[in-house]
Amino acid sequence: MTYVMSDLHGQYEKFRKMLDKIAFSDRDELYVLGDVVDRGPQSAELLFDMSMRPNVYPILGNHDFTAAILLKKLCSQIEDDTCTDLEDPNILGLIASWQLDGGQATIDSFRKCTPDAREALLEYLDEFVPYECIEANGHKFLLVHGGIPFGKRNVPLKKQEVCELILERPMYDLRYYENITLVTGHTPTVTIDPAYRGKIYHKNGHLAIDCGAGFGLPLGCVRLEDFKEFYVE
Ligand SMILES: [Mn+2]
């Protein structure tokens, strides 16, 4: 069976609980639609666990993108309490705003790793892809963290801007494709429609799966063969 979840944000316990709930096995596949890191306490543990599973496929989120770049800048300094010996003030500014946007939790989590483990996790972050197109039980799906601007929905995926794929907030009241379901994270479903607080949004050819696990709401997961929804608190 094929599962999707998103925006785990360092919530390793919720991830483990969800794998138990869906009885995830070697015969299943799981697509994680980005924002694995930041905010929650166990970004490194979560990344490590995912990296050990050949049937878990990571898709790039904006937080993963930022963390991958800035952790490389910090790597030699990460053992210190400060990173003020970094020279480029632009990079320092980026690090400061990332720290305020959940990045500090990721830095703390990486600090607990050995240098070799940190290196392996950074290599894993580089493997995250900007989108996937898959089929399950005859249904077609486009999986992406942010989305695609409605006016660019027919532009070939290879020509889409990565920054849009990871940051776009789609028009969830408009159907993008006749025969393809657009599966997205990034936009907590409560902000699409308050009626979907903590729930998967499945409407108009959209499957929005960020239920807000990074903000204390449940983690959601969908089985694509039959659209069955699963939740853990
Ligand atoms: Mn995001």
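Just follow the structure's listing: the first ligand is 1, and inside any ligand the first atom is 1. The figures here come from the full heavy-atom set of this structure, side chains too, leaving out hydrogens, waters and symmetry mates.
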Lys/Arg N to Asp/Glu carboxylate O, Lys17 vs Asp20, below 4.0 Å:
no
Closest to the Mn ion (ligand 1), among the N/O/S atoms of His186, is atom ND1
Closest Asp35 atom to the Mn ion (ligand 1) [N, O or S only]:
OD2
If you compare all heavy atoms of His202 against all heavy atoms of Tyr196, which two are closest, and at what distance to 0.1 Å?
N-CE2, 4.4 Å
Working for side-chain contact (heavy atoms from CB on, under 4.5 Å), residues Leu217 and Thr189:
CA-CA 10 Å; Leu217 289 169; Thr189 52; over 6 Å; no
Which value, rounded to 10°, describes the OD1(Asn62)-the Mn ion (ligand 1)-NE2(His145) angle?
90°
Regarding Lys203 and the six-membered ring of Tyr172, is the cationic atom NZ or CZ under 6.0 Å from the ring centre and inside 45° of its axis?
no
